[in-house]
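Scroll down for the structure; my scribbles are underneath it.
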There are 2 protein chains.
Amino acid sequence: MTFSSGEERTVPGSPGDVLTLISAGSATTRSDLARVTGLARSTISQRVDALIERGLVRETESGESTGGRPPRQLRLHTADHVVAGVDLGATHCRIKLMDISGAVLTTCEDPMLIAEGPETVLTHVDARIARLLTEAGRDRGALKAIGMGVPGPVEFATGRPNNPPIMPGWNDYPVPEFFAGRYDATVLVDNDVNVMALGEQRDAFENSGYLLFVKVGTGIGCGIVTEGRLHRGAQGSAGDIGHIRVSGHDEAGCRCGNSACLEAVAGGAALARRLTDLGFPAESAGDVVALVQSGNTQALRLVREAGRLIGEVLASLVNFYNPEVIVIGGALARVHDHLLAGIRETIYRRSLPLATHHLTIVPSHTGEDAAALGAGILAIEHYLAPDNINRIVNAGESAGVSA
Amino acid sequence: MTFSSGEERTVPGSPGDVLTLISAGSATTRSDLARVTGLARSTISQRVDALIERGLVRETESGESTGGRPPRQLRLHTADHVVAGVDLGATHCRIKLMDISGAVLTTCEDPMLIAEGPETVLTHVDARIARLLTEAGRDRGALKAIGMGVPGPVEFATGRPNNPPIMPGWNDYPVPEFFAGRYDATVLVDNDVNVMALGEQRDAFENSGYLLFVKVGTGIGCGIVTEGRLHRGAQGSAGDIGHIRVSGHDEAGCRCGNSACLEAVAGGAALARRLTDLGFPAESAGDVVALVQSGNTQALRLVREAGRLIGEVLASLVNFYNPEVIVIGGALARVHDHLLAGIRETIYRRSLPLATHHLTIVPSHTGEDAAALGAGILAIEHYLAPDNINRIVNAGESAGVSA
DNA sequence: GGGCTTCCGCCGACCTCCGAACAAAGTCCG
DNA sequence: CGGACTTTGTTCGGAGGTCGGCGGAAGCCC
């Protein structure tokens with residue numbers, strides 16, 4: 001009789017799979033690749049040759065000998081393959097130019113109002129990317145993909161924002177088409193919380209199959225990574241936890257028209273308003289953080305209370321989704337000691353023991369850069385995806401290297 | 001520039017993939033298969049021959065001619081391949097013997113106490129399966145897989161219950177091993193709500209990628225189907241929504257030790273207790289249903305109120321998970337008119353418009369049979385999975401047909 | 001320096017899949 | 001009623017990719 005065991009390891013075959021292994025660092029020599037994939041050494045050599053010829057891989061210095069001929073190390077050929085990770089917020093724009101190994105080449109950050117509409121904003125983004133390419137000494141053609149996180153729901157397949165509440169003029173705007181004539185690059189647009197979740201999972205929790213990333217800023221949102229892939233839901237609106245009802249706050253009206261929404265009682269904007277009422281002027285989540293850091297006890301109390309309310313909602317989601325890791329990010333996470341205390345307290349009290357037993361709850365370690373980094377990773381992974389690489393290799397066109 | 005488009009159709013190759021198409025009815029002749037897969041007719045013939053030789057497929061009568069030679073129809077050879085779908089509840093046992101096309105051959109249903117422990121219960125199950133096989137005139141060796149739903153969390157990979165609250169003696173009991181000497185069949189054990197969700201998705205919502213199945217019986221649980229696959233979470237406890245807190249009921253203590261759990265205010269057991277207090281004796285969810293059907297206005301009021309409370313929790317989950325379909329099942333769904341009214345009302349009031357716009361909320365259409373059918377489908381899909389079929393075909397052993 | 005080990009390219013053997021040609025089994029039409 | 005046509009399914013040689021052995025390359029150990 002056969003037992004229901006875990007998944008069988010599928011034997012990867014194509015050039016794209018080989019590149020994935022090199023990229024992940026799982027195998028850096030031809031022999032390694034043969035061992036890991038189970039393919040014959042001769043087959044691997046053939047594949048690697050094709051990747052080298054297309055300019056995707058190159059040999060570096062020989063490695064350490066283990067008693068015999070030293071293996072030749074293989075690396076991604078990063079010089080001619082870069083991506084841009086774009087983080088568009090309500091009032092800022094951060095861009096990171098990264099090579100396909102994930103290394104950040106150059107960065108920029110400007111104030112910018114997303115409410116000025118897509119043409120204005122994207123023209124700005126285009127100019128910044130061009131400048132970053134120049135600064136990094138890369139050719140325009142080296143830009144292979146653009147990842148972008150925006151503060152609202154997006155139909156990921158088409159890259160069009162879907163009724164975003166704080167992005168006037170962007171509804172259904174075809175963002176990828178804007179870049180069509182400007183770069184020969186794939187453009188991927190997603191919700192900012194989604195790319196933050198992806199980035200955090202890839203950076204710090206690669207082995208965790210079930211991760212939630214909770215962003216606590218002006219509003220509150222959540223990115224969901226299930227078995228390594230983003231969960232976007234049927235309409236791409238999954239993770240919108242800011243308007244979940246919390247008990248005992250029916251007096252708090254929310255901009256969405258309902259009352260007692262999590263965001264209306266525990267979001268940065270709500271906290272700022274309440275602090276102002278208490279005589280401590282604050283306008284934004286950043287002001288709240290500043291008050292906490294200056295030792296204001298009212299601010300501290302409110303943040304901890306916000307943590308409890310967020311924890312109440314997360315306790316429900318822990319029972320439902322059963323995550324392995326919860327990451328807390330966003331502006332308010334800068335005072336994570338106080339925020340996390342409230343969150344942890346409530347989750348461990350209200351969730352099932354089986355679900356919390358191996359649950360890890362941590363602050364984001366990428367901080368302010370989370371969205372731009374995550375957007376870059378989204379772009380890199382798309383570009384290096386086996387299917388895409390196979391297409392490039394089979395197309396017979398040189399991928400970047402001028403002959 | 002390349003746009004971020006939907007997934008490319010991968011071209012299926014192996015014998016297992018061919019069988020999957022025949023099984024799904026997507027292609028019933030060799031020519032069809034060639035067109036659908038893109039493989040050459042000669043290759044398809046080769047594959048089909050192998051499947052016929054192994055006893056997995058057979059030719060039936062010729063089909064309609066479309067002006068040329070009439071195609072020979074291919075069907076799954078169901079005679080020598082059957083599975084059992086087992087539904088173990090707290091107080092009952094239902095088993096359906098199904099062939100691998102999904103047709104139910106024979107059924108049985110007995111009262112049974114799961115609290116009597118695994119040896120007693122599984123011995124009973126074994127005897128029932130043997131009798132069903134005899135009734136259906138099938139050989140013992142024809143049983144290829146057993147799917148089983150149990151009322152508690154399970155570590156699916158090993159088939160061991162994981163600290164189930166209402167299954168004393170079952171914790172960590174290796175269910176598949178029990179059947180090891182008795183049948184040459186794979187044994188798959190899962191939470192009952194999970195198999196119900198799977199069955200409903202396959203039966204009625206094949207095209208829906210994001211489905212929640214909510215079972216409202218004695219307790220309340222939820223099965224999650226994401227992109228066609230069950231979401232079990234990190235510890236296999238995902239979907240345990242019965243202990244999510246609902247607002248305004250802090251007086252209601254729950255058997256889990258907390259208060260205001262959904263199950264403690266809206267579960268069948270809780271409703272029965274409150275009806276008893278009101279002077280209408282009721283012990284189980286079934287009694288509650290009977291009272292509603294007899295026109296008892298108190299019972300009706302309580303059920304509708306339960307619907308609102310369940311709806312409150314589901315409203316949160318709709319925002320978080322963004323499902324396409326919510327199916328309501330379990331004993332209380334027999335009065336679904338009243339239950340659904342409350343659920344729908346609350347979800348549409350409290351969830352985001354983007355998430356509810358294309359949301360469908362319906363009662364289960366498989367009713368009491370949901371778990372047994374779902375367990376059978378789980379078993380069939382495992383047995384017909386391409387990897388498994390390839391293994392059978394390549395092993396060179398005849399799969400069931402005595403030579 | 002010679003044996004040993006490991007790495008890597010080359011080449012014949014093998015396997016799978018393809019496509020063309022052919023056989024089979026029906027329809028259509030004069 | 002018979003031949004042309006259409007569609008289905010099989011046979012067979014060839015193309016392409018993978019395997020594994022062989023030998024050369026390049027280091028370590030004694």
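Owing to the predicted nature of the structure, the values given are computational and were not obtained by experimental measurement. Protein chains get the first letters and strands the later ones, always in sequence-line order, with residue 1 at the start of each.
- Spacing between atom CD of B/Glu59 and atom C1' of D/dT10 amounts to 12 Å, rounded to whole angstrom units.
- With sequence neighbours excluded, the residues forming a salt bridge (Lys or Arg N to Asp or Glu O under 4.0 Å) with B/Arg35 are B/Asp32, listed by chain and number.
- When the nucleotides D/dC19, C/dA21, C/dC7 are ranked by their closest atom to the side chain of A/Ala40, D/dC19 comes out on top.
- Sorted by first and then second residue, the salt bridge (Lys or Arg N to Asp or Glu O under 4.0 Å) pairs involving residues 224-234 of chain B (not counting sequence neighbours) are A/Glu227-B/Arg229, A/Arg229-B/Glu227, B/Asp190-B/Arg232.
- The distance between atom CD1 of A/Ile52 and atom C1' of C/dG9, rounded to the nearest whole Å, is 13 Å.
- Atom-to-atom, CG of A/Asp17 to P of D/dG17 comes out at 16 Å; the value is rounded to the nearest Å.
- Between A/Ile44 and B/Thr29, the residue anchored nearer the 5' end of DNA chain D, judged by the nucleotide with its closest heavy atom, is B/Thr29.
- Whole-Å rounding puts the B/Arg41 CZ to C/dG19 C1' distance at 9 Å.
- Under the side-chain contact (heavy atoms from CB on, under 4.5 Å) test applied with A/Leu198, the options A/Asp203, A/Leu230, A/Leu373 reduce to a single match, A/Leu230.
- Separation of atoms OG1 (A/Thr186) and CD1 (A/Ile146) is listed at 9.0 Å; rounding is to 0.5 Å.
- Near DNA chain C, defined here as any heavy-atom distance below 4.0 Å, the residues from residues 68-76 of chain B are B/Gly68, B/Arg69, B/Pro70, listed numerically.
- At the phosphate of D/dG9, neither OP1 nor OP2 sits under 4.0 Å from any side-chain N or O atom of B/Ser42.
- A distance of 5.0 Å separates CZ in B/Arg72 from CZ in B/Arg30, rounded to the nearest 0.5 Å.
- What separates CD of A/Gln46 from P of D/dC19 is a distance of 10 Å, to the nearest Å.
- As a whole-Å value, the separation of B/Leu51 CG from D/dG9 P is 15 Å.
- For the pair B/Thr43 and C/dC18, the criterion of a side-chain N or O lying under 4.0 Å from OP1 or OP2 is met.
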Exercise for the section: Decide side chain to side chain contact (heavy atoms under 4.5 Å, CB included) for A/Thr226 and B/His231; before the verdict, give the C-alpha distance in whole Å, the side-chain angles of both, and the deciding distance to 0.1 Å. Expected result: CA-CA 9 Å; A/Thr226 301; B/His231 173 91; 3.8 Å; yes

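- Side-chain atoms of A/Glu200 do not come within 3.5 Å of backbone N or O of A/Phe205 as any donor-acceptor pair.
- Listed pair B/Ser65 / D/dT7 fails the phosphate criterion, with no side-chain N or O lying under 4.0 Å from OP1 or OP2.
- For the pair B/Arg30 and D/dT10, the criterion of a side-chain N or O lying under 4.0 Å from OP1 or OP2 is met.
- Taking atom CG of A/Leu39 as the reference point, atom C1' of C/dC8 lies 16 Å away to the nearest angstrom.
- What separates CG of B/Leu33 from P of C/dC18 is a distance of 13 Å, to the nearest Å.
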